[in-house]
Amino acid sequence: AKAKAQGKPVIIDFFADWCVACVELDEKTFSTPQFLEASKNFVLLKVDDSENFPELGDLQKKYGVYGLPTIVFVDKNGEILKD
């Protein structure tokens, strides 16, 4: 809703605290000045896959999450970008 209201695309980060590559993304990519500047043009969401919760399976299926980390881009119209 926030993304639609602001007319911004979304980046969804599916991660888990036990996922080494996920931690690397946080430490080496998502914390860089370049990413932080570029991310101002997006709404950023994180989905914690560390522990199962009721909606997790539905989210994974909807966004095509088959492993971690998975980064999903959604355009400002709510369409999942596949490319």
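Every heavy atom of this structure was used, including side-chain atoms; hydrogens, water molecules and symmetry mates were not. Note that the structure is a prediction, hence the values are computed from the model and not measured.
- Across all non-hydrogen atoms, the minimal contact from L44 to S39 is CD1-CB, 3.7 Å.
- Residues that satisfy the ring-ring contact (aromatic ring centres under 6.0 Å, His included) test with F73, not counting sequence neighbours, are absent from this structure.
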Side-chain donor/acceptor pairs under 3.5 Å, residues 56-72, sequence neighbours excluded:
unit_1, atom_1, unit_2, atom_2, d
Q60, NE2, D49, OD2, 3.0
T70, OG1, G67, O, 2.5

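- At distances below 3.5 Å, at least one donor-acceptor pair connects side-chain atoms of D75 with backbone N or O atoms of N77.
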Derivation of the side-chain contact (heavy atoms from CB on, under 4.5 Å) call for Q6 and V43: CA-CA 9 Å; Q6 294 179 358; V43 172; 4.0 Å; yes
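- In the hydrophobic cluster analysis, where Ile, Leu, Val, Met, Phe, Trp and Tyr join through side-chain heavy atoms closer than 4.5 angstrom, L45 is grouped apart from F30.
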Trace of the side-chain contact (heavy atoms from CB on, under 4.5 Å) decision for F53 with E55: CA-CA 6 Å; F53 57 92; E55 301 86 359; 3.2 Å; yes
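- Qualifying side-chain contact (heavy atoms from CB on, under 4.5 Å) partners for T29, counting only residues two or more places apart in sequence or in other chains: L25.
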Please tabulate, one pair per line, all N/O donor-acceptor pairs under 3.5 Å involving side-chain atoms of residues 8-24, not counting sequence neighbours.
unit_1, atom_1, unit_2, atom_2, d
K8, NZ, K40, O, 2.9
D13, OD2, K46, NZ, 2.7
D17, OD1, S50, OG, 3.1

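- From F35, atom CZ reaches atom CD of E37 across 11.5 Å, with rounding to the nearest 0.5 Å.
- Between K76 and K4, the shortest heavy-atom contact is O-CG, 4.2 Å.
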